[in-house]
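Read the structure below first, then the notes.
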Number of protein chains: 2
Amino acid sequence: MPNRLTLKDVAAAAGVSQITVSRVVRGEGVVSARTRDHVTQVIQDLGFVPNKLAGALSQTRSNQVAVLIPSLVNNVFAQVLRGITEELAKAGYNPVVGVTNYDEQIEEEQLISMLSWRPAAVIMANRVHTPRTRKILENAGVPVVELMQLQREPIDMAVGFDHGAASTILVDHVVSKGHRSFGYIGWSNHDFSAASRYTAIKDRLAEKGFDLIAPDLFEMPPDMPMGKDGTRTLLSQAPEVDAIFYANDIAAIGGALHCLEQGLSVPTDLALVGYSGLQMGQALPQPLTTIRTFRYDIGRIAARNVLKSLTNTPVSKITDVGFELVEGATV
Amino acid sequence: MPNRLTLKDVAAAAGVSQITVSRVVRGEGVVSARTRDHVTQVIQDLGFVPNKLAGALSQTRSNQVAVLIPSLVNNVFAQVLRGITEELAKAGYNPVVGVTNYDEQIEEEQLISMLSWRPAAVIMANRVHTPRTRKILENAGVPVVELMQLQREPIDMAVGFDHGAASTILVDHVVSKGHRSFGYIGWSNHDFSAASRYTAIKDRLAEKGFDLIAPDLFEMPPDMPMGKDGTRTLLSQAPEVDAIFYANDIAAIGGALHCLEQGLSVPTDLALVGYSGLQMGQALPQPLTTIRTFRYDIGRIAARNVLKSLTNTPVSKITDVGFELVEGATV
DNA sequence: CTGTTAGCGCCTTCAC
DNA sequence: GTGAAGGCGCTAACAG
């Protein structure tokens, strides 16, 4: 077990004190070039790896960042996490990942569990929390970044974009193309972003005098088969619908498959509207009309804000990374 | 900062000693029912959260598990990670995730960085390591689980399946359907699984007297656009090819899109063979012929083996979760 | 520029 | 059944 080496061992081998080795390891404090080189050499030779548990304990803070995301398999969050991970790695920080499965109660438990590791910061890829979670975060004494959705006052910092605005633009685009009867396939849980998207679409359509038909919402973000089945169900209940908004691109692709199988032509018979701008939707023969969001950037900026905040560099409380209407061929 | 409470504070409030509180918290050692209840109550009232840094330091071991995966965005590894995360969570362990980007050098750096947190175990979703990485793992003194590929002797434990066998079965199936000229679209880096898949396909075809045409291999696992472009390139260079093996389902779907656009009928003009059995490939109008692998189970079993190993429960060194030939409609 | 001292918060060991 | 020391490995604060 070579890693059972401690500062003391290195110090003894190098003929200096522990604290000198510590300074060399951290690259902080003043050490003469000579001793620094010497100690560095000894560290190399011995293969010493500092114990960060002890370091964190003595500083009462670690270089781990707690990250809570609703799902790992959802590509959107996978990309957010990738951005976070890459950016943290540059500064020598590690993410500790917790998955909430879109459940605020689990989020709360996970958060408590992670806080007992005294992370340097917390990143939450969600804006809805239990009251207790909010309170814990407010008192955690570490930077907190909430992701994706900018509406509402952040606990500490927020990075994302305005789902409501994106939905409005999407609606206007679809209506401008002449569609007149609208359906929605999505989900209905606590996810604030999804909810505010649905509401924004419904409201905007209402302003223009249109209805939005959403027969049964799912309990989870719909995947491709759910999008396919949902489309069939919706069309059987409301055959007049000539445009469907989907909660995400994957579900919309499911809708496209339904059309393909049923011989419905897109967008003449039915218009399909996605949400997220995944690469996959754009690779289809008919590129999907959707809202492109910047997941990777959101992750990176979140991490960067964490790091800034930890070094007391001024950070804006709210970072709007925007979105982009992708005018595909399905509307 | 409510979490600045320590054992000492709880002990004072409860009128007992630190160690008694510690025993109650851990549920270990003998404490009378009365004091236990009392202390539990005080912990509740104060909202005490034990500091695991200190706990881990004094035990010289934590309940964090280091997980190194090549990519977060690749659905295969996302699912592996999901399995790991869910299973660890049940036992109160947290994964600390490092992403290697399919690079053994980065893997080595990440590993060293993570070991300085003295994780309870290490899970590597890859079987190729630098010599130094191997040595570090052998001496780490903690359980090590390597994933996906069963060939080769594991450092400690391995969970996965035999890529070579899967490829052989795949080849036999495709040949049995009457195809006679074969192409391959994949990648060529250090990934042992990908390499052994390619080799196994090539070898098996050779045994049957066939060639395998693989013009240019990518540096990364091909995605949908790469699969699409690769298909075009390959067919322009070798128009006689009537069946293509893809390194993964996503690339194969890209191939399907190419056929759709070019009016090639599948499998008459061209057969498409995927690898992984992603849900997506099965949702297509023509379900993809592929090998289904059990990513989620691999993750779960890996985590379970870690936990067993930590409690000195006997664990088999090698766990073969198998695979499944999916006879779709594209061959 | 380098070293000494005193913890960080918990757990192990050994008394009582 | 409970408690008092001592130590896990590191770093902050102060000396020299």
Side-chain angles (χ1 to χ4, degrees), chain A residues 1-40 42-43 46-64 92 115-120 141-142, chain B residues 1-40 42-43 46-64 92 113 115-120 141:
Chain A
M1 301 221 269
N3 291 344
R4 284 199 97 35
L5 288 172
T6 72
L7 275 188
K8 193 192 287 182
D9 302 316
V10 179
V16 296
S17 71
Q18 284 192 40
I19 188 67
T20 300
V21 181
S22 171
R23 285 179 181 131
V24 172
V25 169
R26 286 174 295 150
E28 273 177 27
V30 263
V31 183
S32 73
R34 255 227 333 235
T35 49
R36 178 180 300 280
D37 290 347
H38 177 221
V39 171
T40 306
V42 174
I43 289 175
L46 265 45
F48 168 67
V49 177
N51 183 333
K52 289 189 188 166
L53 285 173
L57 177 61
S58 76
Q59 293 182 123
T60 65
R61 184 140 306 168
S62 77
N63 68 348
Q64 296 189 140
L115 282 181
S116 64
W117 286 103
R118 302 296 187 264
V142 298
Chain B
M1 303 223 268
N3 291 344
R4 285 199 95 34
L5 286 173
T6 73
L7 277 187
K8 192 192 289 184
D9 302 316
V10 179
V16 296
S17 71
Q18 285 190 41
I19 188 62
T20 300
V21 180
S22 171
R23 285 179 181 129
V24 171
V25 169
R26 284 173 298 152
E28 274 177 27
V30 264
V31 183
S32 73
R34 253 227 337 235
T35 48
R36 178 180 300 282
D37 291 346
H38 176 220
V39 170
T40 305
V42 174
I43 288 175
L46 264 46
F48 168 66
V49 176
N51 182 334
K52 290 188 187 167
L53 284 174
L57 177 61
S58 71
Q59 292 180 124
T60 65
R61 185 140 308 166
S62 76
N63 68 349
Q64 297 190 140
S113 159
L115 282 182
S116 64
W117 286 102
R118 300 297 185 266

Nearest to side-chain heavy atoms of [X], which nucleotide of [options]:
X: A:Gln18; options: C:dC10, D:dT11, D:dG3; result: D:dT11
X: B:Ala54; options: C:dT2, C:dG9, C:dC8; result: C:dG9
X: A:Val30; options: D:dT2, D:dC10, C:dC1; result: C:dC1
X: B:Ser32; options: D:dC10, D:dG7, D:dT2; result: D:dT2
X: A:Arg26; options: C:dG3, D:dC10, D:dT11; result: D:dT11
X: A:Leu57; options: D:dG1, D:dG9, D:dA12; result: D:dG9

Within this structure, what is the [atom1]-to-[atom2] distance between [X] and [N], rounded to whole angstrom?
X: B:Arg36; N: D:dG1; atom1: CZ; atom2: P; result: 10 Å
X: A:Phe48; N: D:dG9; atom1: CZ; atom2: P; result: 10 Å
X: B:Lys8; N: C:dC10; atom1: NZ; atom2: P; result: 10 Å
X: B:Glu28; N: D:dG1; atom1: CD; atom2: C1'; result: 16 Å
X: A:Leu5; N: D:dC8; atom1: CG; atom2: P; result: 14 Å
X: A:Ile19; N: D:dA12; atom1: CD1; atom2: P; result: 7 Å
X: B:Leu7; N: D:dG3; atom1: CG; atom2: P; result: 13 Å
X: A:Asp37; N: C:dT2; atom1: CG; atom2: P; result: 11 Å

When you measure from the side-chain N and O atoms of [X] to the phosphate of [N], is any distance below 4.0 Å, counting only OP1 and OP2?
X: A:Thr35; N: C:dT2; value: yes
X: B:Ser22; N: C:dC11; value: yes
X: B:Ser17; N: D:dG3; value: yes
X: A:Thr20; N: C:dT2; value: no

Checklist outcome for this item: Assign each of B:Gly29 and B:Gln59 the nucleotide of DNA chain D bearing its closest heavy atom; nearer the 5' end lies the nucleotide of B:Gly29

Next on the checklist: Both A:Arg23 and A:Asn51 contact DNA chain D. Which one's nearest nucleotide lies toward the 5' end?
Outcome noted: A:Asn51

Next on the checklist: Need one value for A:Val31: base, sugar-phosphate or nothing, where a base atom within 4.0 Å counts as base even if backbone is also close, heavy atoms only.
Outcome noted: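 Answer is sugar-phosphate: A:Val31 comes under 4.0 Å of backbone atoms only.
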
Item to check | Closest contact, heavy atoms only, A:Arg23 versus A:Arg36 | outcome: O-NH1, 4.4 Å

Checklist outcome for this item: Closest non-hydrogen contact found for B:Gly92 with B:Asn63 is O-ND2, 2.9 Å

Item to check | Member of A:Val42, A:Leu7, A:Val39 meeting the side chain to side chain contact (heavy atoms under 4.5 Å, CB included) criterion with A:Phe48 | outcome: A:Leu7

Checklist entry - For the atom pair CG (A:Leu53) and NZ (B:Lys52), what is the distance rounded to the nearest 0.5 Å? => result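 Result: 12.5 Å between the selected atoms.
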
Checklist entry - Got A:Asn51 and A:Thr6 here, is their nearest side-chain heavy-atom distance under 4.5 Å? => result no

Checklist entry - Within the distance-only criterion (no hydrogens, no angle test), does the side chain of B:Ser116 pair as donor or acceptor with the backbone N or O of A:Val49 below 3.5 angstrom? => result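 No, the answer is negative, given that no donor and acceptor are paired below the 3.5 Å cut-off.
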
